Amino acid sequence: MQISKKISRALKALIVLVMVVALNGALTFVFEPYGSKSQIMWTDYRQQENLDTVFVGTSLTERAFDPMYFDSQANSNSYNMATPGQWIEESQSAMETAIADHPINTVVYGLEFSSLQGDKVPHPGRAFYQYKNQGDPLGFCLDAVRLLSKPDCYTTADSINWMFPWITNHVKGLNRTVANVTMKLDGTSIYDAAEANEPGWTYYGRGYGNYTDVNDPNKGKQRLYTDDYKNRELSPDKINVLIEMADYCEERGIDFVVVMPPIPSYNIAAYGKSYFAQAEEVRKIVEEHGGEFYDLNMARPELFDTTNPEFFADHQHLNKAGGEAASKAIATIFEARDGGQDVDSLFYTKDEYRQAMDFISLVTLKATVTDDGIELKARALISGDSPVEYQMMVFDPDKKEWVIIRDWSEDPTYLFDPEESGQYKVCVNARLVGTDVEYDRYRVVKVRL
């Protein structure tokens with residue numbers, strides 16, 4: 001009788017387990033995005049032969065380097081393995097996979113400082129690892145054991161959530177969910193699915209896709225790189241991974257090249273002095289371990305024009321035109337290096353950069369409602385030392401024109417005290433002191449009193 005009860009309980013537990021697995025599978029099918037960037041990258045990667053160069057990194061790298069433009073100038077056979085939000089540990093895994101599969105002679109790691117910050121590590125449920133090991137359960141198990149054995153993984157919710165990928169990686173909204181399921185069932189290709197999921201994004205092949213959008217520094221979102229990724233100290237654990245990547249390549253006679261993809265110049269101004277300090281810290285580490293370091297944000301215009309707004313799709317990423325220019329810039333660096341030319345001459349020094357960027361690249365405006373009225377606070381982003389002045393205006397809806405409420409002043413703040421409550425549209429114009437232009441940059445915000 002006792003044995004029968006034990007068997008009964010075991011069967012019930014087994015039934016519950018099967019139901020949980022089935023439910024998890026169904027939810028994963030419904031909510032996990034079809035046509036993700038990781039799915040495309042790994043699927044297309046498996047079609048490649050005899051690669052000699054790979055690019056790894058985050059979305060900044062994914063959208064910065066077009067293998068077709070790079071190859072046409074560098075006479076190489078490259079592939080872009082970068083994916084959005086790619087952790088440095090994932091970049092390391094992609095690099096090692098490519099080296100095992102192909103006669104790689106160059107690895108380009110597109111670095112952004114956020115990749116070297118924090119102590120968290122990726123979990124095996126991420127799309128990167130799922131599609132890396134698609135059809136290879138042993139490979140997935142090896143990655144899972146390696147990742148889950150790290151304290152920063154097994155002591156967090158990710159040590160459990162990785163078994164339920166739809167929790168952290170899912171489509172949002174009823175319409176997107178229905179479309180996601182439909183595309184999985186009707187035979188839509190992952191490439192068409194990705195383009196449907198992200199209107200305006202086009203996949204050009206060899207791991208590279210991009211937008212043609214152009215970011216207007218006056219009208220775009222008031223976001224800075226430091227808003228998304230705080231200006232923090234570099235993590236020793238992440239630095240160690242970078243060192244492991246450099247050593248891995250050096251031991252195999254492979255060029256390890258760390259490149260910082262271009263971001264709009266106002267982000268460098270927002271970062272402040274720590275940008276140069278952290279870049280120099282990374283440079284020394286990479287070069288001490290046999291690698292090369294190039295910061296395209298410090299490029300002279302003849303290599304890459306970081307001041308050209310036509311190159312950027314948003315406050316972080318290059319668009320298609322910018323990606324083409326950055327790809328050619330890297331190829332030009334390699335040509336100069338291999339030809340014995342002075343590569344350093346293609347870049348500004350810190351002091352030269354500050355002098356060249358002594359202009360207003362962006363102005364932000366924050367409007368805060370207080371008991372005394374609307375407090376306006378502007379901030380001009382400039383890498384040089386030139387003084388800035390500000391002009392405050394409010395839009396008159398009756399006259400349909402802008403009215404000056406405070407003329408030019410070096411004070412970036414102003415208390416606007418309207419007589420009536422309601423919604424107001426306020427604007428700040430910013431320019432360098434001593435000039436008479438209408439403005440260098442402006443910003444409009446809406447606020448309700």
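The figures here come from the full heavy-atom set of this structure, side chains too, leaving out hydrogens, waters and symmetry mates. Not measured: the values here are computed from a predicted model.
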Legend entry - side-chain contact (heavy atoms from CB on, under 4.5 Å) between D213 and N319, worked out: CA-CA 6 Å; D213 300 349; N319 56 22; 5.7 Å; no
Residue pair [X] / [Y], side-chain heavy-atom distance below 4.5 Å:
{"X": "Y275", "Y": "D295", "value": "yes"}
{"X": "N197", "Y": "M183", "value": "yes"}
{"X": "F256", "Y": "Y248", "value": "no"}
{"X": "F55", "Y": "E62", "value": "no"}

So with a 6.0 Å cut-off around [atom1] of [X], is the heavy-atom count from everything else above 12?
{"X": "Y45", "atom1": "OH", "answer": "yes"}
{"X": "E352", "atom1": "CD", "answer": "yes"}
{"X": "E49", "atom1": "CD", "answer": "no"}
{"X": "E280", "atom1": "CD", "answer": "yes"}
{"X": "N75", "atom1": "CG", "answer": "no"}

Quick one: do [X] and [Y] make a salt bridge, cutoff under 4.0 Å?
{"X": "E90", "Y": "K132", "answer": "no"}
{"X": "E89", "Y": "K238", "answer": "yes"}
{"X": "D436", "Y": "R431", "answer": "no"}
{"X": "E287", "Y": "R283", "answer": "yes"}

Inset, instruction - Show your reasoning for whether side-chain hydrogen bond (donor to acceptor under 3.5 Å, both in side chains) applies to S93 and Y129. - result: CA-CA 9 Å; S93 178; Y129 289 107; 5.0 Å; no
To check you understand the geometry: which heavy-atom pair defines the closest contact between [X] and [Y], and what is its length?
{"X": "L415", "Y": "G373", "answer": "CD1-C, 4.1 Å"}
{"X": "Q278", "Y": "E233", "answer": "NE2-CA, 4.1 Å"}
{"X": "M260", "Y": "E112", "answer": "CE-CA, 4.5 Å"}

Inset, instruction - Mark yes or no: K184 above the aromatic ring of Y34, with NZ or CZ under 6.0 Å from the six-membered ring centre and no more than 45 degrees from the axis. - result: no
Inset, instruction - Evaluate side-chain contact (heavy atoms from CB on, under 4.5 Å) for V445 paired with V447, printing each intermediate quantity in order. - result: CA-CA 7 Å; V445 298; V447 60; 5.5 Å; no
Legend entry - F347 and its side chain to side chain contact (heavy atoms under 4.5 Å, CB included) partner, picked from Y353, F304, Y294: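 Passing option: Y294.
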Legend entry - Single hit among V343, T332, D342 for side chain to side chain contact (heavy atoms under 4.5 Å, CB included) with R337: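 For R337, the side chain to side chain contact (heavy atoms under 4.5 Å, CB included) test succeeds with only one of V343, T332, D342, which is V343.
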Legend entry - Parallel, tilted or perpendicular: rings of Y191 and Y203 (30°, 60°):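 Because their plane-to-plane angle is under 30°, the rings of Y203 and Y191 count as parallel.
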Legend entry - Aromatic centroids of Y390 and Y414 separated by under 6.0 Å: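 Not close enough - the centres of the two rings lie 6.0 Å or further apart.
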Legend entry - Within the 6.0 Å centroid threshold, strictly below: Y271 and F113: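 Between F113 and Y271, which both carry aromatic rings, the centre distance is below 6.0 Å.
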Inset, instruction - Start with the C-alpha gap between E375 and T413, add the side-chain angles, then the distance that decides, and say whether side-chain hydrogen bond (donor to acceptor under 3.5 Å, both in side chains) holds. - result: CA-CA 7 Å; E375 183 181 279; T413 65; over 6 Å; no
Legend entry - Test item: T83 side-chain N/O and K37 main-chain N/O as donor-acceptor pair under 3.5 Å: no
Legend entry - Of K320, R63, H317, E198, the residue whose pairing with Y211 passes side chain to side chain donor-acceptor pair (under 3.5 Å): E198
Inset, instruction - Have a look at N429 and tell me which of E389, Q391, E438, R443 forms a side chain to side chain donor-acceptor pair (under 3.5 Å) with it. - result: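 So the option named by the test is Q391.
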Inset, instruction - Please test R441 against L362 for side-chain contact (heavy atoms from CB on, under 4.5 Å), starting from the C-alpha separation and ending with a verdict. - result: CA-CA 6 Å; R441 288 285 185 264; L362 186 80; 5.5 Å; no
